[in-house]
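See structure below.
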Amino acid sequence: MQTDVGSNVQKMTATQNKSKGNRKKIRFPGIMRDAVLLQVERTHLYRVLTGEKIIPTLLARYRKLKRSQSAVRAALSKSSEISHETTT
């Protein structure tokens with residue numbers, strides 16, 4: 001009886017891909033959106049964030065963007081807490 005090696009490999013790969021241990025940690029969440037907002041390519045922004053390229057102006061713009069995103073999230077969180085308190 002002959003087995004199909006290719007199908008066995010596919011089954012093993014599918015099983016491995018489903019396991020949580022094989023997932024990579026996302027280093028820069030939202031990098032695609034941030035690259036669009038900064039009007040640069042994702043790979044360019046990634047290289048700057050990892051230190052492969054040194055472009056101080058882009059890094060400063062990125063940090064400013066992240067600060068403003070954090071401020072918006074905080075304001076929305078506070079707003080939703082206030083509205084939740086008034087409805088209960």
I'd like to know whether CD of Gln69 has more than 12 heavy-atom contacts from other residues, nucleotides or ligands below 6.0 angstrom. yes
Please assess Leu49 against Arg27 for the test side chain to side chain contact (heavy atoms under 4.5 Å, CB included), listing each intermediate value before the final yes or no. CA-CA 10 Å; Leu49 295 176; Arg27 289 181 71 179; over 6 Å; no
Separation between CD of Gln39 and CG of Leu58, rounded to the nearest 0.5 Å: 11.5 Å
Grouping I, L, V, M, F, W and Y whenever their side-chain heavy atoms are under 4.5 Å apart, do Leu37 and Ile55 come out in a common cluster? yes
Suppose the criterion is ring-ring contact (aromatic ring centres under 6.0 Å, His included): which pairs have a residue in residues 31-76, not counting sequence neighbours? Phe28-Tyr46
Test item: Leu59 and Ile54 side chains (from C-beta on) under 4.5 Å apart, heavy atoms: no
Roughly how far, to the nearest 0.5 Å, is the NZ atom of Lys78 from the CG atom of Leu76? 12.5 Å
For residues 57-72, pull every pair meeting salt bridge (Lys or Arg N to Asp or Glu O under 4.0 Å), keeping only residues two or more places apart or in separate chains. Asp34-Lys66
By salt bridge (Lys or Arg N to Asp or Glu O under 4.0 Å), Arg47 pairs with (sequence neighbours left out) Glu52
